[in-house]
There are 2 protein chains.
Amino acid sequence: MGATKTDHFSEEQNRLANRMKALGHPARIAIMEHLISVDSCICGDIVNVLPLAQPTVSQHLKELKNAGLIKGSIEGTAICYCVDKDAIAELQNYLAKTTLQLENKEKSCC
Amino acid sequence: MGATKTDHFSEEQNRLANRMKALGHPARIAIMEHLISVDSCICGDIVNVLPLAQPTVSQHLKELKNAGLIKGSIEGTAICYCVDKDAIAELQNYLAKTTLQLENKEKSCC
DNA sequence: TAACTATATTGCAATATTACGATAAATATA
DNA sequence: TATATTTATCGTAATATTGCAATATAGTTA
């Protein structure tokens, strides 16, 4: 045991969970916020902004990339990272849909 | 090491990360979807709906509760669980804000 | 080419998560 | 009271995550 039972859930449920999980760490929230706050997406200062060692930051970036939340491309000596709008939009749409469903519910016992 | 460096991040970043993390598992996504799909929030059939053993489901429910995403109250012999609208709304607002910020960005190199 | 800069990978220790059987706790019903 | 029903907790094994030092890789510049 110990491994998530991925096969028992739908593809959408797994994709959503993966993206949520990627955002499920304060360092990765902070990375996203920094990438968004910088006007251009050319950034080589992510390490300096975070209270974590360079390998740790690199690992977090990798996870965000694997989850499809950010994209990266080589930009000379540095690497350019930026947020994938579509991925964020998908999450936002999902939650918006959920909020709507909750609004329409009549009974609520809690 | 192995423990998240919580103190180095803001309260909001930690709270958001906690909630995202709680949604970062397909079983918990499925639980939320089921709670929302049922009209009333009186439900004692969550275990039957999921492909997981009862203790596992109970544990997932506990995590959703700890993250503030669901509320539970005793309802006779069963327990009534339902989604906390405000918590979902907070996440949605955060992502909506993020999407807006991304829309307004001029430069985009990736 | 050599030194420098920026990012990635490896390897490892500490900790957290996932899953479930066994069992407990709490309430309802016969 | 005894039994059934529902949910929670305990204990434990398997696996994943977090963080960093050391090192590798790749591009740039002197």
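These figures come from a predicted structure and were not determined experimentally.
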Problem set entry | Rounded distance in Å - NZ (Lys5(A)) to C1' (dA14(D)) | 13 Å
For this session: Quick one: pull up NZ in Lys97(B) and CD1 in Ile88(A) and give me the separation to the nearest 0.5 Å.
Result: 12.5 Å
Problem set entry | Separation of atom CD1 in Ile46(A) from atom P in dA8(C), rounded to whole Å | 9 Å
Below 3.5 Å between N/O atoms, which protein atoms pair up with nucleotides 21-25 of chain D? Just atom names and distances, please.
none

Problem set entry | Nucleic acid contacts of residues 10-33 of chain B, taken as heavy-atom distances under 4.0 Å to DNA chain D | none
Exercise. Restricting to pairs with a member in residues 16-25 of chain A, which pass salt bridge (charged side-chain N to carboxylate O under 4.0 Å, His left out), not counting sequence neighbours?
Worked result: Arg19(A)-Glu90(A)
Exercise. For Asp7(B) and dG19(D), what is the distance between atoms CG and C1' respectively, to the nearest whole Å?
Worked result: 14 Å
Exercise. In Å, rounded to the nearest 0.5 Å, how long is the span from CZ of Phe9(B) to CG of Leu52(A)?
Worked result: 4.5 Å
Exercise. For the pair made of NE2 in His8(B) and C1' in dT18(D), what is the distance, rounded to whole Å?
Worked result: 13 Å
Kindly list each side-chain donor-acceptor pair under 3.5 angstrom involving residues 53-67 of chain B, sequence neighbours excluded, with atom names and distances?
residue: His60(B); atom: ND1; partner: Arg28(B); partner atom: NH1; Å: 2.9
residue: Glu63(B); atom: OE1; partner: Arg28(B); partner atom: NH1; Å: 3.2
residue: Asn66(B); atom: ND2; partner: Lys62(B); partner atom: O; Å: 3.4

Problem set entry | Shared hydrophobic cluster for Met32(A) and Val49(A) (ILVMFWY, side-chain gaps under 4.5 Å) | no
For this session: Quick one: pull up CG in Leu91(B) and CZ in Arg15(B) and give me the separation to the nearest 0.5 Å.
Result: 9.5 Å
For this session: For Ser58(A), report the nucleic acid contact type (base, sugar-phosphate, nothing); a contact means any heavy atom under 4.0 Å.
Result: base
For this session: Measure from the side chain of Ala3(B), starting at C-beta and using heavy atoms only, and say which of dA16(C), dA8(C), dT9(D) lies closest.
Result: dA16(C)
Problem set entry | From CD (Glu33(A)) to CD (Glu12(B)), nearest 0.5 Å | 6.5 Å
Seminar exercise, completed: Rounded to the nearest 0.5 Å, the NE2 atom of His34(B) sits from the CG atom of Asp45(B) at a distance of 4.0 Å
Exercise. Which value, rounded to the nearest 0.5 Å, describes the distance between Thr98(B) atom OG1 and Leu35(A) atom CG?
Worked result: 11.5 Å
Problem set entry | N/O (side chain, Thr56(A)) to phosphate O (OP1/OP2, dG19(D)) under 4.0 Å | no
Problem set entry | Asn18(B): side chain to side chain contact (heavy atoms under 4.5 Å, CB included) partners, not counting sequence neighbours | none
For this session: Look at the side chain of Lys85(B) and the backbone N and O of Leu102(A), then say whether any donor-acceptor pair between them is shorter than 3.5 Å.
Result: yes
Exercise. Is the distance from OP1 or OP2 of dT6(D) to the nearest side-chain N or O of Tyr81(B) less than 4.0 Å?
Worked result: no
Problem set entry | Contacting residues from residues 59-70 of chain A, given that a heavy atom lies under 4.0 angstrom of DNA chain D | Gln59(A), His60(A), Glu63(A)
